[in-house]
Amino acid sequence: MNMSKPETLNDTAKANAVSRISAGSTFKGDLITPYDVRIDGNYEGNIKCQSKVIVGSGAQVGGSIECADLDLWGKFKGDITATNILSLKDGCQVEGNLNVKKFLVELGVSFNGTCKMITEKKAAAVASQEVK
């Protein structure tokens, strides 16, 4: 007898809640989502995400990203607003303007641009507007 909880629509939605742009794929346009985003291909446009954005090591992204958390391994050109943590990983290349609440930079990062630390109040204001 199977005593496990039956799968609900909400459980299925959570399992499929990551938007992905796979390696070898190219996407142009704007993305607005309350869920996580992972980019391993090429993306040109704006992203507004209430959760986490991950840019893989082979990815190339141009535009703007507004999110709670961002882990960046690939190449990015544009503006970033992270209302929680921006983490630039070893080997990433960033050109643009950063507005962050918390900032982590590993050795081996290439960054050319400006960085401004935002207050808790500003982060909360941006987060409340992200997916509207």
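Just so it is clear, the model here is predicted, and its values are computed rather than measured.
Between D36 and R38 there is no salt bridge, since no side-chain nitrogen of the basic residue lies less than 4.0 Å from a carboxylate oxygen of the acidic one.
Under the 4.5 Å side-chain heavy-atom criterion for ILVMFWY residues, no single connected hydrophobic cluster contains both W73 and I47. Linking Ile, Leu, Val, Met, Phe, Trp and Tyr whenever their side-chain heavy atoms come within less than 4.5 Å leaves V94 and I54 in two separate clusters. With hydrophobic clusters built from ILVMFWY side chains whose heavy atoms lie under 4.5 angstrom apart, F103 shares a cluster with L72. I85 and I118 fall into different hydrophobic clusters, where Ile, Leu, Val, Met, Phe, Trp and Tyr side chains are chained together by heavy-atom contacts under 4.5 Å. In this structure, I65 is a member of the same hydrophobic cluster as M117, with clusters built from ILVMFWY side-chain heavy atoms closer than 4.5 Å.
Remark: the backbone N or O of P34 is paired with a side-chain donor or acceptor of S51 at under 3.5 angstrom. Under the 3.5 Å distance criterion, the side-chain polar atoms of T119 are matched with a main-chain donor or acceptor of K122. Looking at D30, its side chain does come within 3.5 Å of a backbone N or O of N46 through a donor-acceptor pair.
Considering SG of C67 and CG of L86, their distance stands at 7.5 Å, rounded to 0.5 Å. Annotation: the span from L88 atom CG to E106 atom CD amounts to 8.5 Å, rounded to 0.5 Å. To the nearest 0.5 Å, atoms CD (E95) and CG (D79) are separated by 11.0 Å. In this structure, L70 CG and L98 CG are separated by 9.0 Å, a value rounded to the nearest 0.5 Å.
Residues D40 and S22 are not in side-chain contact: their nearest non-hydrogen atoms beyond the backbone lie 4.5 Å or more apart.
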Before giving the answer on side chain to side chain contact (heavy atoms under 4.5 Å, CB included), spell out for K101 and T83 the whole-Å C-alpha distance, their side-chain angles and the decisive distance to 0.1 Å. CA-CA 6 Å; K101 183 176 169 196; T83 58; 5.8 Å; no
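There is a side-chain donor-acceptor pair under 3.5 Å between S87 and K89. With hydrogens and angles left out, the side-chain atoms of T114 and N97 include a donor and acceptor closer than 3.5 Å.
The minimum heavy-atom distance between D90 and G108, with the atom names listed, is OD1-CA, 3.3 Å. Between C49 and V37, the shortest heavy-atom contact is SG-CG2, 4.2 Å.
Classified by interplanar angle (parallel below 30°, tilted 30° to 60°, perpendicular above 60°), the ring pair Y43/F27 is parallel.
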